[in-house]
Amino acid sequence: MRKRETMSVLSVTQIATDTFEMIAENSRISEQAKPGQFVHIYIPGHTLRRPISIAAVDPSTASVSLVFKAIGEGTKQLSNYQSGMQIDVLGPNGNGFSIDISEDERVLLIGGGVGVPPMYHLAKRLSEETSIDIVSVLGFQTKNAVFYEEEFNRIGETYIVTDDGSYGTHGVVTDILGQFKDRTQYFSCGPLPMLRAVKSKLSHIPGKVSLEERMGCGVGACMACVLPTVDNHYKKICSEGPVFVAEEVVL
Amino acid sequence: MRKRETMSVLSVTQIATDTFEMIAENSRISEQAKPGQFVHIYIPGHTLRRPISIAAVDPSTASVSLVFKAIGEGTKQLSNYQSGMQIDVLGPNGNGFSIDISEDERVLLIGGGVGVPPMYHLAKRLSEETSIDIVSVLGFQTKNAVFYEEEFNRIGETYIVTDDGSYGTHGVVTDILGQFKDRTQYFSCGPLPMLRAVKSKLSHIPGKVSLEERMGCGVGACMACVLPTVDNHYKKICSEGPVFVAEEVVL
Amino acid sequence: MNLSVKLPGLNLKNPIMPASGCFGFGKEYSEYYDLSLLGGVMMKAATQFERLGNPTPRVAETSAGMLNAIGLQNPGVQQIIDQEVPRLAKYDTSIIANIAGSSIEEYEFVAASFNQTEDVHALELNISCPNVKQGGIQFGTDPTMAKKVTGVVKKVSNKPVYVKLSPNVHNIVQMAKAVEEAGADGLSMINTLTGMKIHLPSRKPLIANKTGGLSGPAIKPVAIRMIYEVRQQVSIPIIGMGGIFNAEDVLEFLIAGADAVAVGTANFQNPFACVDIINELPVVLERYGFHSIEDVIETRGITV
Amino acid sequence: MNLSVKLPGLNLKNPIMPASGCFGFGKEYSEYYDLSLLGGVMMKAATQFERLGNPTPRVAETSAGMLNAIGLQNPGVQQIIDQEVPRLAKYDTSIIANIAGSSIEEYEFVAASFNQTEDVHALELNISCPNVKQGGIQFGTDPTMAKKVTGVVKKVSNKPVYVKLSPNVHNIVQMAKAVEEAGADGLSMINTLTGMKIHLPSRKPLIANKTGGLSGPAIKPVAIRMIYEVRQQVSIPIIGMGGIFNAEDVLEFLIAGADAVAVGTANFQNPFACVDIINELPVVLERYGFHSIEDVIETRGITV
Ligand SMILES: Cc1cc2nc3c(=O)[nH]c(=O)nc-3n(C[C@H](O)[C@H](O)[C@H](O)COP(=O)(O)OP(=O)(O)OC[C@H]3O[C@@H](n4cnc5c(N)ncnc54)[C@H](O)[C@@H]3O)c2cc1C
Ligand SMILES: Cc1cc2nc3c(=O)[nH]c(=O)nc-3n(C[C@H](O)[C@H](O)[C@H](O)COP(=O)(O)OP(=O)(O)OC[C@H]3O[C@@H](n4cnc5c(N)ncnc54)[C@H](O)[C@@H]3O)c2cc1C
Ligand SMILES: Cc1cc2nc3c(=O)[nH]c(=O)nc-3n(C[C@H](O)[C@H](O)[C@H](O)COP(=O)(O)O)c2cc1C
Ligand SMILES: Cc1cc2nc3c(=O)[nH]c(=O)nc-3n(C[C@H](O)[C@H](O)[C@H](O)COP(=O)(O)O)c2cc1C
Ligand code: FES
Ligand code: FES
């Protein structure tokens with residue numbers, strides 16, 4: 001049986017323009033979360049919960065990191081949370097990226113904007129639990145939006161791309177993917193147009209993509225968050241995703 | 001022109017069963033408020049403001065006291081306010097009791113439940129600004145609901161009545177009004193049945209009553225809070241009241 | 001930024017007006033700000049004679065909304081013309097008179113009465129008040145009746161007529177078309193949805209009238225949908241309302257199909273609601289790439 | 001405290017059921033609690049064939065509510081009978097099948113299909129889904145059509161039929177009477193109000209289907225009003241729904257005229273919503289002087 005969960009806020013820090021990192025305590029989530037999974041957060045005054053990817057966990061301190069952009073009322077409210085506050089969450093929800101990968105794979109992680117946090121979780125876990133070779137490509141709108149560059153650098157080769165060229169390479173992530181011909185697998189999370197471009201550019205290697213959709217229940221019951229699959233069906237992002245084999249879904 | 005007002009909470013203390021005293025800071029309100037006037041309080045998450053009588057003011061510290069019963073969601077929220085919080089209020093609203101009374105009057109104050117706070121404001125101001133002789137009769141449901149007895153005792157003769165007889169006289173306020181035949185004027189605030197009984201019992205002397213009604217705007221614009229008058233019209237409690245000459249209104 | 005809008009009979013300096021019944025005749029809110037800041041003022045309903053309205057309680061709070069059953073309390077059309085209009089006319093703003101009645105004849109009488117004054121720039125024909133036993137909502141839910149009363153009022157009045165539609169119907173487009181055919185110069189939508197709240201301790205409806213009209217943010221999605229549907233098929237201007245609390249709400253109404261808006265319930269929560277919205281509006285328009293109200297109205301055809 | 005209620009075909013241990021479409025077929029929520037705690041389960045709509053539903057986005061948040069336009073995605077009636085019903089039947093609770101269609105024939109087919117299983121205790125005839133182009137709401141806003149489809153389903157089905165009414169009508173009593181005359185065993189009300197939200201950055205409706213159904217606390221006053229109105233004139237039982245989030249809401253529905261209730265949107269905010277309400281219910285009934293659900297139902301006639 002799944003239980004009522006609360007996370008106790010340890011800190012909320014602004015780490016880039018409108019972007020916040022929240023560290024909160026919940027031992028079960030910190031132990032069980034897989035990269036790509038999310039927590040579904042109740043924010044008082046709002047009918048629906050907000051899905052936010054788990055950006056990292058540290059079971060030794062029972063801590064869970066979330067990185068989110070304050071774009072609307074819910075995330076703005078969340079960015080004002082103070083240490084000590086209790087958050088009502090469901091999770092970890094969804095399937096997540098499997099990190100059961102053969103050691104000789106050379107993986108490419110591609111994250112865009114708020115798609116970067118789950119990529120970080122994946123990178124961190126891969127580096128902690130395997131010795132797989134990791135290259136990361138991270139896209140942001142502009143210099144001030146960049147976050148977690150250091151953290152990724154610590155894990156492996158990391159390339160930053162910005163839309164306006166104010167930092168790293170000027171352009172979009174797909175502009176530089178040609179450089180990484182040795183990669184045998186990719187994982188990606190970011191806005192839909194980016195995922196589409198990544199999928200078509202990297203169609204020669206297997207890939208997994210993590211998707212977003214507006215959610216009702218967040219647990220698989222309401223059919224709000226579906227994604228068309230190549231066999232003319234739908235899959236539920238909240239429960240059968242958010243991570244899908246790239247070639248099985250229609251982006 | 002009326003301005004946006006905020007009150008800064010200084011303290012919230014439980015003073016009886018479900019009953020709270022809030023002290024808050026606002027110099028304009030503390031200077032201008034007349035007994036019987038109220039503040040119209042915005043409570044986040046609620047469409048409508050909550051009217052709460054001003055129970056006392058102290059212009060020397062710019063402080064305003066409110067006494068309220070936590071009966072519903074709004075007042076419960078208010079009872080959890082912490083010192084330092086800012087409250088968006090309108091006020092002082094309404095007309096209030098005039099304290100321009102001749103010195104030889106012998107007044108009777110009759111308060112019931114949450115009708116006691118405005119009576120206290122009146123008693124305090126009369127005692128501060130005049131030497132009028134004041135007798136107070138205060139009705140509560142039960143012993144644990146009694147508040148401000150000390151405060152009233154400091155001002156004048158005070159009688160407590162409880163519905164269940166657990167404190168003071170057993171009964172309702174009107175049961176003991178016969179004792180105060182020397183009174184020349186009365187002022188009363190409390191539940192409608194009490195005001196009705198008081199009005200009929202004390203029909204031989206002039207009286208003023210303060211009324212409650214569910215409010216929309218609280219400023220006189222929406223016609224939600226009307227009270228029928230003996231001349232077959234309506235008066236608006238929020239702007240033309242809450243205090244009315246007893247014989248002019250239909251209770 | 002140019003916030004002005006031109007509608008039949010109304011040169012609004014901005015598209016924001018307090019909604020009928022939520023602002024009285026402006027007197028109380030004139031103590032909070034200069035009413036000349038407003039695009040216009042939609043006055044409380046006027047009937048032929050004074051009306052005392054319904055017993056109290058007349059309002060109840062609901063989730064993101066409120067119920068009201070005021071019952072059209074007003075001093076009667078002549079007193080409004082004599083006492084209220086002159087006071088409002090001192091401000092540099094447009095005045096819209098909301099007219100109500102229990103019979104076609106009453107609507108006719110009230111509409112004709114307003115011909116006396118040039119200070120009233122348009123009529124809002126309230127065929128949608130859910131809180132009176134006779135008239136009001138009957139006219140607003142039957143297209144034939146709506147057409148009839150609109151025609152009569154148009155004939156007798158020398159002012160543009162905006163017909164205020166009830167959302168308590170299955171087919172709002174049919175209602176809009178009916179009054180458009182009858183010569184309405186514009187629409188005003190929506191009035192309140194009929195609702196009820198039970199007072200648990202007494203086990204009875206909380207509002208003395210039993211039912212009341214639901215307003216506030218709760219009904220905004222219904223208002224937006226109806227305005228959108230009507231805008232696809234009807235060309236006369238629409239004054240939109242229903243849950244507007246901020247400038248983003250206003251933009252949502254404009255994109256959906258409104259040409260100006262009214263703010264009701266929000267005034268109760270914040271007496272400065274209308275001016276706050278007027279002040280925010282240029283910033284919000286700019287944020288979403290618009291350069292004026294006219295720009296929103298012109299581009300929406302393309303984008304929606 | 002005795003929370004049980006007896007309705008045609010349904011012996012509910014308590015009056016709380018998750019509402020159709022908000023609980024799938026129970027599988028997901030069975031990971032949160034034992035479904036045997038529930039009075040019943042109202043399954044997601046069933047159609048003749050599998051339906052993939054509408055494009056996304058399918059939901060949007062609104063003030064005290066949400067919009068949805070799922071579009072009746074479901075695996076088709078036969079698969080529901082084969083796969084979903086047996087799984088649910090393991091729990092000690094009543095099962096109500098929600099049936100939908102684009103034609104009378106489809107309703108007939110789906111209703112007849114459920115005769116195959118004894119594990120479904122009643123049908124909820126959904127003539128009120130606002131989110132499909134054909135069928136659904138047409139049947140729910142025209143009394144003649146509503147009567148017809150109810151009659152056909154009653155004839156073919158061996159189960160009690162609760163007809164689910166749409167609130168998007170002017171006269172809900174007329175609709176209720178029409179289906180009562182056609183033999184409905186009960187009513188289920190209300191379905192969602194049709195609404196819309198504009199996504200400001202794209203200047204387009206946020207829901208891909210453009211309009212969606214408004215649910216949640218925002219619509220509770222409309223639900224209460226409609227149930228109250230129908231209860232005065234119609235005697236078959238009513239399963240009430242629309243914005244129920246806590247036990248006081250349940251009591252409000254019961255006093256207004258419902259005999260049992262369904263909880264929809266609340267499950268999304270709190271997956272334990274139904275059990276939390278069931279647990280609170282005795283305390284709340286007692287607080288307001290009631291001794292059982294039957295007590296509320298019996299006394300309300302006197303007090304309302
Ligand atoms: C599986 C998943 C993981 C996510 N992980 C992250 C993350 O790690 N960091 C991050 O910043 N954001 C993430 N998002 C997006 C995040 O959920 C939205 O930004 C957030 O819900 C917006 O809420 P709001 O109240 O600020 O915005 P509002 O626009 O006020 O929200 C209104 C409604 O729309 C929904 N909504 C709005 N934008 C989105 C969106 N992009 N995706 C899904 N629902 C949306 C909200 O949940 C809410 O129901 C994730 C989304 C999904 C589906
Ligand atoms: C002029 C005036 C002065 C008042 N002074 C005091 C006071 O000093 N102390 C005190 O404890 N109470 C006072 N009240 C009553 C107080 O306003 C209500 O108890 C309070 O509004 C309840 O809010 P709630 O959110 O707790 O209750 P809810 O029941 O959740 O409120 C729902 C709605 O009903 C309204 N409402 C509920 N009860 C009342 C009521 N009795 N009178 C008016 N509106 C009501 C609320 O304002 C709100 O709009 C006064 C009322 C008025 C009109
Ligand atoms: C207290 C109150 C009184 C109202 N009186 C009237 C009225 O007299 N005439 C009218 O046409 N509409 C009346 N309305 C409806 C409003 O003008 C408006 O259409 C409705 O409230 C929706 O807007 P809102 O959600 O911004 O309040 C009234 C609304 C409220 C809340
Ligand atoms: C996401 C969602 C899906 C729904 N699907 C159905 C459905 O398939 N059949 C149906 O009769 N009602 C459906 N409804 C309507 C609900 O059963 C219920 O009548 C309505 O949501 C009001 O209750 P609530 O406010 O508690 O959600 C759906 C509602 C929601 C929110
Ligand atoms: S959000 Fe309900 S199924 Fe995914
Ligand atoms: S509350 Fe609006 S007139 Fe009194």
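Quick note on labels: first sequence line is chain A, next is B, and so on, each numbered from 1.
For the pair Arg4(B) and Phe272(C), the cation-pi test (distance below 6.0 Å, angle within 45°) is passed. In this structure, Arg58(C) is positioned above the aromatic face of Tyr234(B), its NZ or CZ under 6.0 Å from the six-membered ring centre and within 45° of the axis.
Interface remark: Asp88(B) contributes no atoms to any contact with chain C (heavy atom separation under 4.5 Å). Residue His40(B) does not touch chain C at all, counting heavy-atom pairs closer than 4.5 Å.
Remark: Phe23(C) pairs with Tyr29(C) by the ring pair (Phe, Tyr, Trp, His ring centres under 6.0 Å) rule, at least two apart or across chains. Residues that satisfy the side-chain contact (heavy atoms from CB on, under 4.5 Å) test with Gln86(B), not counting sequence neighbours, are Thr6(B), Ser8(B).
Ranked by non-hydrogen atom pairs under 4.5 Å with chain B, the options Pro55(C), Ala64(C), Gly65(C), Ala266(C) are led by Gly65(C). Each of Ser63(C), Gly53(C), Pro271(C) has some count of heavy-atom pairs under 4.5 Å with chain B, and the biggest count is that of Pro271(C).
No salt bridge links Lys76(B) with Glu73(B); every basic N to acidic carboxylate O contact stays at or beyond 4.0 Å. Using a 4.0 Å cut-off between charged side-chain N and carboxylate O, Lys44(C) and Glu84(C) make no salt bridge.
Using modelled atom types, one finds no donor on one side chain facing an acceptor on the other under 3.5 Å when comparing Asp100(B) with Ser98(B). Side-chain polar atoms of Asn126(C) and Ser128(C) form a donor-acceptor pair below 3.5 angstrom.
Within residues 221-228 of chain B, the residues having any heavy atom closer than 4.5 Å to a heavy atom of chain C are Ala221(B), Cys222(B), Met223(B), Ala224(B), Val226(B), listed by residue number. Against chain C, the residues from residues 48-58 of chain B that qualify, each with a non-hydrogen atom under 4.5 angstrom away, are Leu48(B), Arg49(B), Arg50(B) in number order.
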Practice item. May I have the step-by-step check of side chain to side chain donor-acceptor pair (under 3.5 Å) for Ser166(B) and Thr142(B), ending in yes or no? Key: CA-CA 6 Å; Ser166(B) 54; Thr142(B) 183; 3.0 Å; yes
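At most 12 heavy atoms of other shown residues, nucleotides or ligands fall within 6.0 angstrom of atom CD in Glu247(B).
Checked against Val67(B) for a side chain to side chain contact (heavy atoms under 4.5 Å, CB included), the options Met22(B), Glu21(B), His121(B) give a single hit: Glu21(B).
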